[in-house]
**Q** 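Below you will find the structure I want to go over with you.
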Amino acid sequence: MIAVVFIGIAGASASAQVLRTGAINGGIRYRQVREEYLKSVDIYKNARRELLEARENYQNLKTPETKSLLEKKNKAILNNAASAMIKQLEALRSKAENIQTVSENEKTAVLTELDKGIDWLKQKQPQIENATPEQIKEQSKVIRNYLINNRAIVKRATGLAMAGRINLVIAKAENFSEKASDKINELKSAGKDVSQLEILLNDINQKIILAKEKHESAKEKFESISSESDFNKTFNEGHQFIKDANQYIRQVHGQLIQLVKEMKKIE
């Protein structure tokens, strides 16, 4: 039961690769924690193979020894799953600490969610270690439910980081547009015909507005992600808004280059 969900979580970490786009600078600490996470995944996979072998032996022999070994392996894989999840969350937290493209409130919200998950799993580990075979079954269900919830945490943190990055790019485009507007006004005051420049700048500003609207829609989607929702669907919808915003910004970038060239012609 844990194996299926955990493999899904490991796959979810692939979506966290989006954080590598430059929105977050993980640094040396991130690389260290990421390496620890990958090692913990390998340990988990080995424990899973050992569990399958122990289960097969018990089914074939039905001896007290094979039963005891199976119980031991059940406990080990549950503990290893928790350890791997802690390392994954710590790796994501290491990157989230260096987010430069979201507000401090947004960053704090992401870090708080990750810290809650890390603390919860650490508190569970002694309970796993001291659990009876019957309690292990119950702990397995509890951990399984958490793993499902954790996928939502990873998706939400990843989405907010992407939204923060596109927001930074939009802000830079706005700043450049304002400077271009000032320059156009200077040319106009000097008696230059700037009608075509004004038309182009207006189109640029309209696209910036559209990009901002898409960013806000994406942010709303990502913020609404929770374990109770269809978080994969919500994440994909938010991601589409990000792609739409990015497309507008690409167009703005090209038009700003054109605007600069046209201004130089009439200076």
**Q** Run the side-chain contact (heavy atoms from CB on, under 4.5 Å) check on Lys221 and Phe235 step by step: do they pass?
**A** CA-CA 7 Å; Lys221 284 291 182 181; Phe235 177 85; over 6 Å; no

**Q** Which value, rounded to the nearest 0.5 Å, describes the distance between Met263 atom CE and Lys183 atom NZ?
**A**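 Result: 7.5 Å between the selected atoms.
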
**Q** Does any non-hydrogen side-chain atom of Gln32 lie less than 4.5 Å from one of Arg29?
**A**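 The answer is yes; the side chains approach within 4.5 Å.
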
**Q** So Asp203 and Ile199, side-chain contact (heavy atoms from CB on, under 4.5 Å) or not? Walk me through it.
**A** CA-CA 6 Å; Asp203 191 50; Ile199 291 173; 5.9 Å; no

**Q** Report the C-alpha separation of Gln240 and Asp244 in whole Å, then their side-chain angles, then the decisive distance to 0.1 Å, and conclude whether the side-chain hydrogen bond (donor to acceptor under 3.5 Å, both in side chains) test is met.
**A** CA-CA 6 Å; Gln240 183 59 53; Asp244 293 343; 3.0 Å; yes

**Q** Mark yes or no: Lys155 above the aromatic ring of Phe231, with NZ or CZ under 6.0 Å from the six-membered ring centre and no more than 45 degrees from the axis.
**A**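 So Lys155 doesn't make the cation-pi contact.
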
**Q** Under 3.5 Å, is there a donor-acceptor pair between the side chain of Ser83 and the main chain of Asn79?
**A**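 Such a contact is found between Ser83 side chain and Asn79 backbone.
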
**Q** Using modelled atom types and a 3.5 Å cut-off, is there a donor and acceptor pairing between side-chain atoms of Ser94 and backbone atoms of Ala91?
**A**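 Here the side-chain-to-backbone pair does not exist.
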
**Q** For residues Gln206 and Leu210, determine if any side-chain heavy atom of one lies less than 4.5 Å from a side-chain heavy atom of the other.
**A**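 Result no, sub-4.5 Å side-chain heavy-atom pair not found.
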
**Q** Can a donor-acceptor pair be found, under 3.5 Å and without considering hydrogens, that links the side chain of Asn130 to the backbone of Pro126?
**A**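 Present.
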
**Q** Is there a donor-acceptor pair closer than 3.5 Å between any side-chain N or O of Asn246 and the backbone N or O of Ile242?
**A**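 Not a single qualifying donor-acceptor pair exists.
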
**Q** Quick one: are Arg31 and Glu35 in side-chain contact, heavy atoms under 4.5 Å?
**A**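 Not in contact.
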
**Q** Please walk me through it: do Asn205 and Ser177 pass side-chain hydrogen bond (donor to acceptor under 3.5 Å, both in side chains)?
**A** CA-CA 7 Å; Asn205 288 333; Ser177 173; 2.5 Å; yes

